[in-house]
Every structure is written in structure tokens, then in C-alpha cells.
Undergrad: 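The structure is given below, and queries will be raised subsequently.
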Amino acid sequence: MSNEWIYLSTHAPPQEPAALVDDFTPSLITQANHHLCPGCGEPIAIRAAMEAIEELELAERTITVFGIGCYTAFAHNLDVEVVQALHGRAPSVATGIKRMLPDGFVLTVQGDGDMVNEGLQEVLHAAARGENITCLLLNNGVFGETGGQMTTTTTLGQRTKTSIEGRDPHQHGHPILLSDLAATLDGAAYVARCAVNNAGNVARTKRYITRAYESQMAGAGFSLVEILTMCPTGWFVDTLEGPDYLQDTLAPVHGIGELKTP
Amino acid sequence: MSNEWIYLSTHAPPQEPAALVDDFTPSLITQANHHLCPGCGEPIAIRAAMEAIEELELAERTITVFGIGCYTAFAHNLDVEVVQALHGRAPSVATGIKRMLPDGFVLTVQGDGDMVNEGLQEVLHAAARGENITCLLLNNGVFGETGGQMTTTTTLGQRTKTSIEGRDPHQHGHPILLSDLAATLDGAAYVARCAVNNAGNVARTKRYITRAYESQMAGAGFSLVEILTMCPTGWFVDTLEGPDYLQDTLAPVHGIGELKTP
Amino acid sequence: MNTTTVRGTVVIDTEACKGCDLCIDACPPQVLEMTTHEVNTRGYRYPRLLAGCTGCQACAQICPDFVFQVYKYDTPLELPVGEDARQ
Amino acid sequence: MNTTTVRGTVVIDTEACKGCDLCIDACPPQVLEMTTHEVNTRGYRYPRLLAGCTGCQACAQICPDFVFQVYKYDTPLELPVGEDARQ
Amino acid sequence: MSDRALLEGSEAMARAAVAAGCRFFAGYPMTPFTELLEHMAALLPEARGVCMNAESELEAVGMAWGAATTGHLAATGSTGQGLSLMQESLSEITNARLPLVVFNMARGQGDYFQATRGGGHGDYRHIVLAPMDVPEAVELTRLAFELAGQWRTPVMVLGDYYLAHTYQAVSVPAIDGAAPEVPDWALNGSSGGSGAARIISPLGGGVEGEEGFDLGAHYAECAAHIEAMAAGVEPLVDTGFCDDAELVVAAYGSVGKFVRYACLGLRDAGHRVGYVRPITLWPFPSEAVLNAATGSAKVAVYEQNMGQMVDDVRLATLGAVPVEFIGRPSWDHSGFGIGPDINVPDISQRILEALS
Amino acid sequence: MSDRALLEGSEAMARAAVAAGCRFFAGYPMTPFTELLEHMAALLPEARGVCMNAESELEAVGMAWGAATTGHLAATGSTGQGLSLMQESLSEITNARLPLVVFNMARGQGDYFQATRGGGHGDYRHIVLAPMDVPEAVELTRLAFELAGQWRTPVMVLGDYYLAHTYQAVSVPAIDGAAPEVPDWALNGSSGGSGAARIISPLGGGVEGEEGFDLGAHYAECAAHIEAMAAGVEPLVDTGFCDDAELVVAAYGSVGKFVRYACLGLRDAGHRVGYVRPITLWPFPSEAVLNAATGSAKVAVYEQNMGQMVDDVRLATLGAVPVEFIGRPSWDHSGFGIGPDINVPDISQRILEALS
Amino acid sequence: MSRVEPANPAQPMSTSAAGERELMLSGIGGQGVQLAAQVIAQGATADGKEVLVFGSYGGMMRGGNTDSTVVISNQPIEAPPVLATTWSAILMHHQYWTPLRERIRDGGLVLVNTSVFEDELDRDRYQVVEVPATDVATDLGNPLLGAMVMAGVYGRTSGLVSLEGLVEGMRRSVPPYRSQLIEANEGALAAGWEMAA
Amino acid sequence: MSRVEPANPAQPMSTSAAGERELMLSGIGGQGVQLAAQVIAQGATADGKEVLVFGSYGGMMRGGNTDSTVVISNQPIEAPPVLATTWSAILMHHQYWTPLRERIRDGGLVLVNTSVFEDELDRDRYQVVEVPATDVATDLGNPLLGAMVMAGVYGRTSGLVSLEGLVEGMRRSVPPYRSQLIEANEGALAAGWEMAA
Ligand SMILES: Cc1ncc(C[n+]2csc(CCOP(=O)(O)OP(=O)(O)O)c2C)c(N)n1
Ligand SMILES: Cc1ncc(C[n+]2csc(CCOP(=O)(O)OP(=O)(O)O)c2C)c(N)n1
Ligand code: SF4
Ligand code: SF4
Ligand code: SF4
Ligand code: SF4
Ligand code: SF4
Ligand code: SF4
Ligand SMILES: [Mg+2]
Ligand SMILES: [Mg+2]
């Protein structure tokens, strides 16, 4: 093309003296290459979660319990210890671990289908118990892995494979706002909701995750960070539209911010 | 004894012209004799629930789904149609029934162990769906049937077979206030909590139950009435102390009143 | 002589009673009293009625064992109380 | 001649890119641009860098496929922009 | 041009179900069950039926349980893990004497024991039908609803990824929206206040004039009913070339179709092999399997697992003919139960080894 | 005076468990499992262990799963319905290669298939030990933890109401609070950041330098491990009077003790009956059962169900000796699995009928 | 434990169960029948015997039936928890005793609480020891001690449990919150033991 | 359906599978391989034939491999969904075709998209029909129509599907939101059919 010349070379590190501030493969992720879809929000959230572990120097005491969803691909791609749980069951598994390793740092990574559908009872009981663990909810409002069907967090009017005409409260019921629900329980110490649909929100996500980790290490009790993530495939939109779709569809209902702090 | 003579004869109906206003066997209960313990609050609550059905003339369209607990003894002792569900699973069973019989009146009878332990997910999902059914929670803060162990609704400090020193939040977690939790869900239309520990509360219980039934018949969505019931056996107190124990232990935490109306 | 108005009365199926005492406190005019020694065949004490029942049904509503049948008199009776009740 | 201050730069692993476009909007100074025709072996378009990178890491933080390596120059460079950039 | 249609197994089964009178379905997505759920969701409203996107398998089976008590034909289903979660309910629904069809779209063949012995607690069995391909699945789906209604019991249709995702030209009976009539035992509330209100309970009905129920009597009735099914349900089987076979190969389901095709090829190549393919897995066609085996020198059992149906083959033959297991678990990376070993040359090879 | 104590079965098993090194227990009340849970809750803190009043069986087995990954001996358990709810996890915990002891305090004997075939999805088996009384339960509880640790697999102790609620004089090894040492595969976070962090997953470990895992390879390993257990775990059995027996009676668990006692009486009365009582139900003591049966005219199987272990007896004997089922389900009103038929005269009668 | 030795035919047990002595107790709720069974069983255990106890209790109802079975032996117990016949019996009350009637073996030992028991006994079939247990207990100041008196008598007449054993067994059986009763119980056991002299 | 008749030995099926014709298609994502398979299969179904299709699709990745198997017959299909060999093949691209190479039987029929395909073919073993499908499609105004052109050629050369069948099959296969393409697709099918003349 005519103005190719305006682009700088980005094939190799700069000649000029410079400091590497962000490497290809993020800390505590084994290898960059993965099979999640283009524009998926989950790797962004997992990167933030892992970087926060690194920054708080928790890597050598961390056990991460994975639920079942697309994010499960990362269970075999992390440099922290991992326990793979069944769909919905991560909080109980994390409980057993934390009770036997009180000084350990125990984390769960679950999706909305995993935590709010199949495993709603697990996470709420763990929260009520004030179990001293941190749960991360990757909420994209659909079962991504199985092809984009409606979950309990799907917002009213949202079109999914099983709510073609849009979610109708009479037929499909109302969405569950998990963080709001969990925040009402006495055992919950820190509850916050954020998103990864733009640079500012990604930074905020890392901030909230860090606070949740700190509250666990302080023994404050149950902590939960809900992260709204893009699922262009499950939403049947272009990757480019993912961030705005999240902003217009999920965010207005699942409001962003800290719901409860120790 | 000396002053036996002060007592009136209560062996037979009065000679004087009088109207029978309350018979031995309450309406829609097949037979009065049952095996629940002395001073148990559950028969009182079930009587109120059945009388309300009679008064609203719903007997011929009612299907009652029972959970598993001491109250289950009444599943085979009612004159309304009954489906016996498994421990914790009544709300889903009721859902299947109501969806196929939209004009039917569908009720569940469950205890705290059934609804808030084993079946927390079922009732919350049903509430979020706005399922047009009515759930009755007989909350005595223990697993009565199995001998008085701690449930999720046991209050802090309450002594049970599995919290001998009293429920300790660090070891046993915090109680779940089911009605408060359910009331936060958009699908829930009517939510109220009452008790059967004195005549006034029994009357109030019947009032709340009636309103819940009316809201279902009006198609308002999910309705829940939580009834605090005495369990002297599970509490290891004399039957006489049951009402006050309820007032001093359960009621201050599980507050009485209407939490949500259509 | 001392009398009291009696609007209603109850029939008590003492054999069905499990002696839980709930009816005693429930009765607004406090006209129910538990036996002190007498027990039914299952060994439970049971309530007895003093003059002054209003037929309010509170006892029936709270009794876990459905022991009461409640009647309302078409016209209230005046019954002697205290020593005057003695025949 | 027209120049701009360049505090940082990125290395782009174009083969790892899945062409999702997220980095483009994320870049505060808007110095990333997707290719219009060029694709990598998997058929995806990928971003290229204009002068003006601040080394803020936003692109790296949001890229789902970890395509970026970000450097901060010890001392910022002044690079020509517009026609002046033509050698 | 004919009125037949090229349908994916999942869609063909869904159409057959609704055509057979199914009016309620509840399920939770899981590969390879997902598409069946999606097609039911699309089809049932047409027939004035209900399909629930249950929030979990536990809730799905509970909803189906409730719907079944109203006398309408109800179904649910899942895959592996999901089926395991349903075991408690599947056991008790059997004792509650309710008709229900369960679509078990399994991953591989490791779930034969669970399907045929009942993975739940207690002493129950389900009728289990295992189609080998789409046309057979259409026919067996119809049969499943028929048997469920006739015997008032859960009936399982056992399929897999191949069945769910293979397209075949089939003719499926048209769906008529007519409300199927409801059996007399069904609940609708109407018996309330009659003094003899109906109850449907896994613990049995009430005892006349008494609080409670007689569990001993009810469980005895349930046991008698299972025995009646074992004797009364005619097991289906597909056999070929057994009369003069030196070796009889036993296999079921999609894998059974591979084995069948392999035998065809080996026959054409002149090898004296026959096959027996149980279609009804419970009650197991023991008599037919024994007949097929009799006269042969050996029975070889091929399953995509460590050997489960082989027990039923041994119980059917009780040493009359030596029984050899020639299967093995085979899984590709997907975890959906697609087996790299599940192909005709490999299977033919194993059969030839057993033959020699 | 001796140091032995008169203990209820539930308490004896709980003491034996903690003495064997169990440091984590999670359960949910259900008769006749409840007392075991209550005793674990009372005992574990003494040993600096943890007992969780789980909110449900699903959560109980999940908690036990988590605790097991830390390398501490963990256990859970339940009864009937509760065990059914755990099937999904019990199946996958096996694939995750974790040691776990499961106390299955069953109601009656209807759950033999679930216990020995694995009621969950997939191709797994658990070691199953069925004590006949309290002293044997104490011994087998110890053995269960030993085998679980040795084979990294769930081991089930199968009891019932009789076992849970019978008091017997037993000596149980004292509980030493010493923290048992932890195996090298256990997780504690320490391998994080090393570039080779440990993972415990039912899907297997990761593939070197690759995202993801190789399911085919992992399932093949799991299958090989099951086969290794089937060959390597020595099945326990109790036999008596079989050498010259006309009739050999097979039974297991508490019911096995009734049968054993009945045989004693019949022997004293001069009848040529013997008994074989499998103690290990998986791997089934097929060889011992065949030995016991050989030479007799018939094997009679007595179970408090419709006939489940009888399959394993037939598979062990494969027609060598005729096998007759003489049991039946028997339930009193309580529903706890107490059988009115479970008494020595009735059982002796059935045996005599089989004998003639 | 030889029973869990790996597969190989065990030695015939001939009449290994011959030395077992069974006791069945019958009464109504509140009479202390379960406690008496525990005391005797704990006592025999303390004496170093092999013991088995299986009790049934008719629900929480006051006045419901209650019975218990105890087996005592010097060798491992072969008897299962539920037995068809018994060598000895303690009859605290007549209300629910009928099923037990036929179970007592000829030549057995039967202790009957004559203070309450109102029914015929087949005195020709077994030895009957009449014990006015409730009366004795009332004299000792508490009618509820009747079961302890019976236990004392049973220990001596049966020869299965020593007095020391009974006392130790009682101490092990009484729940902490009832410890104030230990002394009285001991007195009742001794009284029964004396009566059997 | 005779297969589900109650237990009795079925008639030997001799060479009932002899009449079956297999087709394997190979290409890369985006070339319309799955659609072509559907069109041919739907077409054969419309023609009243027995048909089986089993496709695999290499994930969501653009440029991933994609292949499909179609079996057509006049009798019920005996072939399972996965086959070791095939009578015919359609090669849209060379990238992932290697596994297929050995599977084509001698005397088979191979259609190759010469516009893109760059590899050797064993022309001695089977009949090769060269179709510049992508070029023809581009001339028709849309390179993505290449698969349709191929389908047209295949229908005629194989003699397994009529043109009417293909058109009907295409109409059944095209999703509603793509209906604007129906006309163009029809043109491409016709063009392919003509080329095969
Ligand atoms: C018990 C059980 N049911 C169903 C499934 C199938 N399944 C796998 S992933 C998934 C959806 C996961 O959704 P979510 O947790 O939101 O993750 P996402 O794919 O959206 O990232 C389902 C239903 C399963 N693995 N286990
Ligand atoms: C799945 C399952 N787990 C456990 C049980 C045992 N169980 C029966 S009733 C009961 C407690 C019921 O408690 P609640 O619902 O509060 O009723 P309550 O007895 O207090 O009236 C339990 C745990 C069961 N029946 N099913
Ligand atoms: S389906 Fe959605 S959640 Fe799953 S990988 Fe693709 S974009 Fe991410
Ligand atoms: S245990 Fe409690 S709930 Fe159950 S019957 Fe007795 S008093 Fe009522
Ligand atoms: S009816 Fe009212 S007044 Fe009369 S006894 Fe009962 S409670 Fe008392
Ligand atoms: S409330 Fe009923 S059961 Fe209780 S004492 Fe009064 S009459 Fe008796
Ligand atoms: S965000 Fe990453 S994957 Fe997406 S276009 Fe930019 S570089 Fe490529
Ligand atoms: S580092 Fe910041 S400025 Fe530089 S390209 Fe990335 S986002 Fe743009
Ligand atoms: Mg999701
Ligand atoms: Mg309760």
C-alpha cells in the first residue's frame, strides 16, 4: 500500500536502551498460545488474576481450583498449583483445601454457568460459612463452551441460543445478580464486580482482584470478584463489537463497583 | 384433689345450643393422630396451611409437594393431592407440575434442612425464575428428623448436636436468612416470615399464608412463607420452653414480618 | 353469687394429648389448666377447663395434636365461680 | 520537521494474533492500526505500530492472546511523523 | 422427490419424541446432549408443550419428575457427569412408578453398568434401548415413550456422539399438536377434599385410615414390578451370520454398527464370523445371545470400555461358549467419546485375532 | 478388667478411622450414617483434624476431594440417596487418582451394584470392603485407609443399620495426634512459580510444553490402574464347612453374619451346608468362591435385595455349579433397612429348602 | 483377625457359639431398660468378656415399648444382633412382653419385676426369679432404680458379671449430667446382688 | 423396521452394503466444504436416496481443517459414520488432504479444485476430474461459490444426484439469513453441472 512507511518495525526488541515492562507470556502463565476464541475476555481476566498473585508474592502458596467452562483450558496452562473440580463444585473443593492448609492461598476460577447455574448453592454456602477463600466469577452471561445458551445471569431481552427472542422473564425468569446476592451474606468480606471490556476496566479488575487477595490473606473471610468478560462467539457478534455489547447488555444490569469491603 | 370441682366437664359436646367452630381433625387433614413429638410446631403450621386452602376453596386444584423432614409424616395424612419429593428437590418438582397445570395451585412444604441446606439452589433458582408456586419453609433451625444437628439457619451461639458449644461463626459459619435472601430476587412476589410460638403468631401465620396463596392465584410469581416452628426435641428443651426458646433464639435473627408484597 | 360469662366451651380428647402445655399460655382468658398428677394411658398430663371460655379457638389453633373441639354458645351462659361453683 | 515523543515501543507476535481488534481501542494515544489486507498464516489481520507509543501496557493488558511485548525507552525518542517520516 | 428429510441424530430423536407425545422436556447443556435439548426447545412449543432450560441436571430431572406426575409424557437427559447427578432421582422416580424417558447421550461406552444396573441406590432397573444409528434411534425413541407409559417406569435411550451428530435420511412421523389423553393415576388436584386424595410417592401410597405408609409392602410391589418387566418386556436384538459362525462378535450402539459393518466385510472375505447386537440392554436378550453363541467356537465382545456388557454375555452363556473381551477404552482429545480405535479396519483386525 | 471398650459400631469405626490417620471428614446427616458423622465431629479435633458439617452430600464429597489433594487422609460417607448424589464426584475422584475412604452406611443391601460397579459415569471401580460386625469393621476401616493411600483410589466401607447400631466389646488402637506424613504428590502451593507447578485433575496432568492434556492417554492409564488393582488387591473372604458341603451359601456384610450363624446351627443339626462370605466385594474373591463351590451340588446366594451379588457368584462359577438365589428385599416400616426376614430361623428355612 | 485373612477356607467353627449366653430385656419407656442392658454389657466388658448389644426403642413416646438383647461369651461372638431365642430374660413390665414369651429357651433363666409384672409365666419351662425390683427401689428412695436392682440380681444369678464389673459398667454408662445418680445406682446394684445371695 | 423386531436371527445381509457410494470432502475453513457436503446429501435425500453424513470441523479457527464424509445408497446404509476408504473425493485445498490420500480406492472418482490445489495425485489409481472451481466461482462474482460449482460437477459425474436434487438440497441447506445467496448458489450448481457435460 501507499503509506506502509508510516509503520514502525515491531519484529524485534528496540536497539535503543529500553526496559522490558511487559513480556509476551504473562507471569505464571505457562505458554501464551491457547485455543480460546478471538476477542474472548477470559484470558484477559486470568492474566490479571495471575499477575496479582505474582505481585503479592503468593505464587508459592497458591492453589487454584478450576470450574468447567472455556477458561478450563487454562487449568493446564498455569505455573501455580491447580485442582480441577467438577462443574459447579469448586467452592467445596477449595473449602477442603483451605481447611487443611490454613496458610495457603486458595482461589477458584468459575464461569457464570458454573457458579450461578450448576453451583449456586456451593458458592452461597461457602460465602455464608465465611470460608476464607477467593472466588473469581468470569461472567459472560452464557454457556460459552457449549455454544452460547442462556444462563441465570443472562440479562432480560438478551438473545442466546436458548432465548432466541431474547430472555423473557415469564418464560425464562429473571437474571441472578450473584455478587449482589453474595454480598448480603454475613460471611462475605469482600465482594466486587468489574469488567475487561476496555483498558480502564482491565486496570480496575486487577485492583479489585488484588484487594480480594489481600482480604483472604488478612483472614477476613469469603471474597468474590465478578468479572464481566466478552464472549463474541457465544453472543454471535463480531469480536470488535464485544466490548460495547458487554457495556450495553451486561453492565447496566450487573453493575460495576465494590459491593462490600472488609 | 381438693378443688377438682372447679373444672367443667369437657368429655362431650355441650347440652346447651352451641355452634361447633373448630373440630378435632382440622380441615384437609385425614386423621388427627400423628407421631410428631409433643410440642412440635410443625403440625400447627400445617394446620394453618390446610385451613387457608379450605378457606380459599383451593382444595380441588391443589398439589402439595413435600420435602423430607419430620413434616413428611403429613404427606400421607392430607386430603389434598401430594407429590413426595426428595430431600431439597421440591421446588423443581413443583415447577414441573405448575408448568403443566398452570391453573393448578402448587405448594411445597419443606424444612430448613431441606430448603436451606440440601436445596438452597432449587428454591433460589425457582424464585429467580418467578415460578408461580408457593413454598412454605418450616424453620426450626435444626435437622429435627435426624436428631437435632446444626443447619444453615441455626443462629450464632445456638447449641445443637453438631455445635455443642453453640454455633461459632469461625468454625460453623453464619446463618442464612432465607427469606431475606429470596426477597432480593426479582422473581419473588411475596415473601414473609412468621412463627407459631403463640396464639397471635399462629393467627399471623395463617394471614401470611393466605396472602401468599392469593398472590399465586393472581399469577404474581414466586411466593414464600417462612414459619419458625418449635422443635423441643431437637433443641433438647422441655416442650413448655419451646415458645420462649424460639422467641429468644430464632426470632431475633430471623425477623418476623412481611419482607416483600406484590 | 359470683358468676362469669361463658361464651364457649371445648371438648378435650385427653387421650390424644401429649402434654406439651402449649394450650395453657395460648388461652387468652387463661381458663385451661394442666393436670398435676393425672395422666392419660400414654402417661401424659392433659389440660382441663375452668369457667370463662370465650370460644376463641386459640387452643385449637396452637395444639399440635388436635386435641380440642371448640363450641360457641348461641347465647352465653352465666356460670358461678369460686366457692359458689361448688354444688 | 514534525516529530513526536516516543516513550516506549512494542514487539508484536503477529503469528499469535487472532485479529480481534481489542488492542486498537485500548491504546490511549491510538498508535495501533489493524492491517487491512495482510493476514498471518492463520488468516487473521493484525495490528501495526505508529509513532507515539508511551509504553503504557494497555495493549498487552487487554490482548487475549498475549501478542505484545512492551518496552519503555530509558530516554524518550523524538521520531518524525507525517511526510517527514519518509526516508 | 420424497417427504423424507436429512436430519442430524439429535434433531431426528427430538422430532420422534414430540411425535410420540412427549410434552415436557427439561435439560442442561452438555456435549453431545446439547443439540437434543436445543431441538426440543425449538419443537415443543409448536406442540403446546414445555421445554425448560433447567439450571442444572438435578433441577432438570426434578422438573421432569413433577411434569410426569401430571400424566403428560415427560423426558430429560444428559451426558456422563450429568447422568450421575440424576441417579438419586432416577432411582426414586422408579419407586414412584412414573413414566419418564431419559436420553443418555453418553461419551464412549463406559456408562453401560450405570445404565443397566441403575447407578443410584436401591434395587431398581430401567428399560434401556441402544440404537446403532439415526433411523433406529427414531424407532426406539417412539418405543421408549410407549414402554414408559405402558410400564410406568423410566426408560433410557442410550446414544453417543456419533448418533447425535450423524445426519441420515429418515422419515419421522408428523407432530400433531393434539393433547395426548392423560392416564387415570395422574394428578391434577381434583381428588382433593374427596377424603381420598391421590398421592404419588417413592414411598408408596398411604395406608387406609392410618398416618404413614407401609414401606415393606411398597418395596415388595416395586420388586415384583421389576421382575414383571424383566419377564414381560421383549428384548430386541440384531443378529447376523450366526448360524454357521465360528466366532460370534457382540457389540451394542454406534459401536455395534461399526462391528456389524466389519463383520459384513469379513464375511465377504470369506471368514465365518457372525454378530449379535443387543438393542435392548435391559432386559438383556440373554436367550438370543445364547442362541447366537451356540454352535460357535467363541464369543468375542467389543465395547469402547474396559468390559461391561461382557458380564451380561457371560451371564447369558454361563460357560457354554468361551467369551473373550476384545474391546478397549478409546478417547480422542475432545473428551466427547470419539474413539480413534473406533474404525472398521482396527475392529476387523481384533476380530481376526480372536478368530485365530 | 481389660482396656477393651463396649462401642457402638459407628463409634468404633470413627475411632478406627482417626487411629488410621484420617484427618478430614465431611458429611451430612442421614440414618444410619448420622452417628458416624457425629463421632467423627467429636473425635477429629482431638487429633488436630477437621470435620465439616457439610450443607449437603454434594458439598461433603467436594470438601473431602479438596482435603485429599493436600495429601491428608480424608473420608466422607452417607446412605442411599446421599451416596447417589455423590456418584459424579466419586467417579471423577477416581480419575484424579486421589485416596479417599467412603463410609457407605446403606439401608438394606440394594446398593451392591452401585458399590461394586460404580454408580457414576465411566469405567471405574472402587475397592469395597463389607464387614459383618463391629470387630471386623474396626479392622477393615484400618485396611481401607491403608489401601486408599497405597493405591491412591477411593475405598468404600459398606455397612448398614445393624453395623452402625450394634454395640460390641472391641479394642481400638489409641489415637495419636501426630500429623501423618504427607505423600510427595500432594499439593501445598510450593511448586508454584517453579515452571512445573503440580496439577491434580480427573483429566490427567498437562502435556509437556503444551496447553491442555491428553485425555486418551490419561484414561488409558486409569484403566491400567483399575486392572492393576483388580489383580493386585488380595480379596478377603470368610468360608466355613465348604470341604464336604452339599450346599454352599454365599452372603456378605451383616446379613452374612446371620447366614454364617444359621449355617453353624444347621451343621450342629447335621446338615451338610457350608458358607462363603466375600469380605472384599471388589475385587470380588472369585477364585475363593469357585473353590468353595467346587464339590458342592449347589450354591445358594442370600442377599437382602432382589439379587445383585448373585451375578458375581455366577461370573465366578460360570456354570460349574448351579447357583440359586434365595434372598429377597425385606424392609420394616422404619425404612432404615432393618429386615423382618433377617433372622436366623427364616434364613435357615430358606437354606433347607435350597438343600432339598 | 483371622476373619480378614486372604482367601482360604477357614477352620470349621464346630460349636464355637455354644458358650454364648443371651439376655433379652423387655419393659416400657422410662423404666431404665436400655440403661440396665448397658450396665450389664459394660460390666461384662469390664470383666474381659466378649459382648454384643442391640437395642430397639419404640420412638420418643413415653410409655412406648423398649427392649434390648445382650450376648456374653468368652470367645468372639458368633451371634448376630437379632436373635430368635434367648437363654435368659429380664421382664420389667408385662405390656409388650408377649413376643418374648416364646423366645425363652427351656431351662433358661427369667428375672421378673414382681412389683409391676402382671401375667402368667411358664414356670415349668425355665427358672423364674421373682424380684420386687420397683418396690425395693422405692425403698431405696427412687422407683427408677428398679432396673439397677434387676441388674444386680442378674449379675449374681447368671454368674456372667461380677459386682465390680457391674459397678464399673454403671459408671461407664451413666451420662455426665446424671453423675449425681452414681451413688444411688451403686446402692441399687449392691442391693440386687445381695438379694441374689 | 426389521432391525428392532424381537429377538430372532436376522437374515444374512450378504453384500447389502455393496451399493453404497462414499464421498469424502477436504478443505480449509471458509471454503464451504461443509455446505457442499450438505447440499449433495440433501440433494440425494430429495432424490429419494438413503444418505449418511458425518462431518468434522477443526474448531472455530479460521483456516482450520475441515472435512466431511457422505454416503449415498439405494438401500438402508450399512456404513458407520467413520470410514477407512472412499469411492470418491472432492479436494478443495491441499493443506490437510494427506490423510485422505491413501483412503481413495482404486478406480475411484476424484474432483480437484485446480484453482488452489497444489499437490500430486495418483492419477493412475483413480479418475481425476480437474475443476478450476474457485476461478469459475470468481467469474460468477464470488470466489466462495467454488464449493457449489464442485457440487454441481460431482452430481453429474458421479451420477448420484440430479440437478433438481442439488438445487432443492441447496435451498434446504442455506440458512435463512443467507437466503439472498440462493440465486447465486443455484447459478454455481448449474455452471458446475454444465462443465461436467
Ligand atoms: C455436570 C455438568 N453439566 C454440564 C457440563 C457441560 N458443560 C461444560 S462447560 C459448560 C458451560 C460453562 O459455562 P460457564 O461456566 O459460563 O463458562 P464459559 O464456557 O461461559 O466460559 C457446560 C454446561 C459439565 N461439564 N458438567
Ligand atoms: C439426600 C438426603 N440426605 C439426607 C437425608 C436424611 N434426612 C432426612 S430428614 C433430614 C433433616 C430434615 O431437616 P428439616 O428439613 O429441617 O426438617 P425437620 O426434621 O427439622 O422438620 C435429613 C438430613 C435424606 N433423606 N436425603
Ligand atoms: S466461546 Fe466465548 S467464552 Fe468460550 S472461548 Fe469463545 S469467546 Fe471465550
Ligand atoms: S424432632 Fe422436632 S421437628 Fe421433629 S417432630 Fe420432634 S419436635 Fe417436631
Ligand atoms: S377456646 Fe379460647 S378461651 Fe376457650 S379454652 Fe380455648 S383458648 Fe381458652
Ligand atoms: S396443646 Fe394440645 S397436646 Fe399440648 S397440652 Fe395442650 S392439649 Fe395437650
Ligand atoms: S488484541 Fe491481540 S489478538 Fe486482538 S487484534 Fe490486538 S493483538 Fe491481535
Ligand atoms: S503500550 Fe500503550 S501506547 Fe504503546 S501501543 Fe500499547 S497501548 Fe499503545
Ligand atoms: Mg459463561
Ligand atoms: Mg428443621
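All of these numbers come straight from a predicted model, not from anything done at the bench. Letters A, B, ... mirror the listed sequences (proteins, then strands); counts begin at 1.
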Undergrad: For the side chain of A/Arg47 and the backbone of D/Ile62, is there at least one donor-acceptor N/O pair under 3.5 Å apart?
TA: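 The answer is no, because no donor-acceptor pair under 3.5 Å joins these two groups.
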Undergrad: Between NE2 of A/His11 and CG of D/Asp13, what distance do you get to the nearest 0.5 Å?
TA: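 Result: 11.5 Å between the selected atoms.
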Undergrad: Among A/Asp238, A/Val196, A/Val202, single out the residue with the greatest number of heavy-atom pairs under 4.5 Å to chain D.
TA: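 When all of A/Asp238, A/Val196, A/Val202 are compared, A/Val202 has the most.
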Undergrad: Please look at A/Val21 and chain D and tell me whether the side chain, the backbone, both or neither of the residue comes under 4.5 angstrom of a heavy atom of that chain.
TA: both
Undergrad: Quick check for you: among A/Ala19, A/Pro243, A/Ser9, A/Gly41, which has the greatest number of heavy-atom pairs under 4.5 Å with chain D?
TA: A/Ala19
Undergrad: Is the number of heavy atoms from other residues, nucleotides or ligands within 6.0 Å of CZ (D/Arg7) greater than 12?
TA: no
Undergrad: Can you confirm whether more than 12 heavy atoms, excluding those of A/Glu258, are under 6.0 Å from its CD atom?
TA: yes
Undergrad: Heavy-atom distances under 4.5 Å only: say whether D/Ile24 touches chain A with side chain, backbone, both or neither.
TA: neither
Undergrad: To check you understand the geometry: which heavy-atom pair defines the closest contact between A/Ala199 and D/Ala26, and what is its length?
TA: CB-O, 3.9 Å
Undergrad: Looking at CG of A/Leu36 and CG of D/Asp65, how far apart are the two atoms once the value is rounded to the nearest 0.5 Å?
TA: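 Rounded to the nearest 0.5 Å, the CG-CG separation comes out at 8.5 Å.
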Undergrad: Quick check on the interface: out of D/Ala60, D/Ala58, D/Gly8, who has the most heavy-atom pairs with chain A under 4.5 Å?
TA: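 The candidate making the most pairs under 4.5 Å is D/Ala60.
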Undergrad: At a 4.5 Å cut-off on heavy atoms, which part of A/Glu51 comes close to chain D: side chain, backbone, both, or neither?
TA: side chain
Undergrad: If I measure from the heavy atoms of chain A, does D/Phe68 come under 4.5 Å with its side chain, its backbone, both, or neither?
TA: backbone
Undergrad: Within the supplied structure, the quantity of interest is the number of heavy atoms (other residues, nucleotides, ligands) at a distance under 6.0 Å from A/Arg207 CZ; does it exceed 12?
TA: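 Yes - once you tally the heavy atoms of other residues, nucleotides and ligands closer than 6.0 Å, there are more than 12.
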Undergrad: Could you report the tightest heavy-atom contact between A/His34 and D/Lys18, atom names first, then the distance?
TA: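 Of all heavy-atom pairs spanning A/His34 and D/Lys18, the closest is O-NZ, 2.9 Å.
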Undergrad: State, to 0.1 Å, how close A/Cys40 and D/Pro64 come at their nearest heavy-atom pair, and which atoms those are.
TA: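 Closest approach of A/Cys40 to D/Pro64, heavy atoms only: O-CB, 3.3 Å.
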Undergrad: Counting only heavy atoms closer than 4.5 Å, note whether A/Pro13 contacts chain D via side chain, backbone, both or neither.
TA: both
Undergrad: Taking all non-hydrogen atoms of both residues, which atom of D/Val11 and which atom of A/Phe24 are closest, and how far apart?
TA: O-CE2, 3.4 Å
Undergrad: With chain D as the partner, which of A/Ala32, A/Pro17, A/Pro26 has the greatest number of non-hydrogen pairs under 4.5 Å?
TA: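 Top option by heavy-atom pairs under 4.5 Å: A/Pro17.
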Undergrad: Keeping the roles fixed (side chain from A/Thr239, backbone from D/Cys20), state whether a donor-acceptor pair exists under 3.5 Å.
TA: yes
Undergrad: Does any backbone or side-chain atom of D/Ala16 lie under 4.5 Å from a heavy atom of chain A? Answer side chain, backbone, both or neither.
TA: neither
Undergrad: Nearest 0.5 angstrom please: A/Asn198 CG to D/Gln61 CD, how far?
TA: 13.0 Å
Undergrad: Is it the side chain or the backbone of A/Ala12 that comes within 4.5 Å of chain D heavy atoms, both, or neither?
TA: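 Interface part for A/Ala12: backbone (N, CA, C, O).
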Undergrad: Report which part of A/Ile46 has an atom under 4.5 Å of a heavy atom belonging to chain D: side chain, backbone, both, or neither.
TA: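 Interface part for A/Ile46: neither.
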Undergrad: If I compare all heavy atoms of D/Leu22 with all of A/Ile44, which pair ends up nearest, and what's the gap?
TA: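 That would be CD1-CD1, 4.0 Å.
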Undergrad: Under a 4.5 Å heavy-atom cut-off, does chain D meet the side chain of A/Asn197, its backbone, both or neither?
TA: backbone
Undergrad: Take D/Leu79 and A/Leu8 through the side chain to side chain contact (heavy atoms under 4.5 Å, CB included) test and state the conclusion after the steps.
TA: CA-CA 10 Å; D/Leu79 292 187; A/Leu8 306 180; 4.1 Å; yes
Undergrad: Which value, rounded to the nearest 0.5 Å, describes the distance between A/Tyr7 atom OH and D/Leu49 atom CG?
TA: 10.5 Å
Undergrad: Apply side chain to side chain contact (heavy atoms under 4.5 Å, CB included) to residues A/Leu20 and D/Tyr71 and explain how you reach the verdict.
TA: CA-CA 4 Å; A/Leu20 175 64; D/Tyr71 290 86; 3.7 Å; yes
Undergrad: Does any heavy atom of chain D fall under 4.5 Å from the side chain of A/Asp23, the backbone, both, or neither of them?
TA: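 Both backbone and side chain.
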Undergrad: Begin with the C-alpha distance, continue with both residues' side-chain angles, and end with the deciding distance and a verdict on side chain to side chain contact (heavy atoms under 4.5 Å, CB included) for A/Glu16 and D/Leu77.
TA: CA-CA 9 Å; A/Glu16 303 79 358; D/Leu77 317 180; 3.8 Å; yes
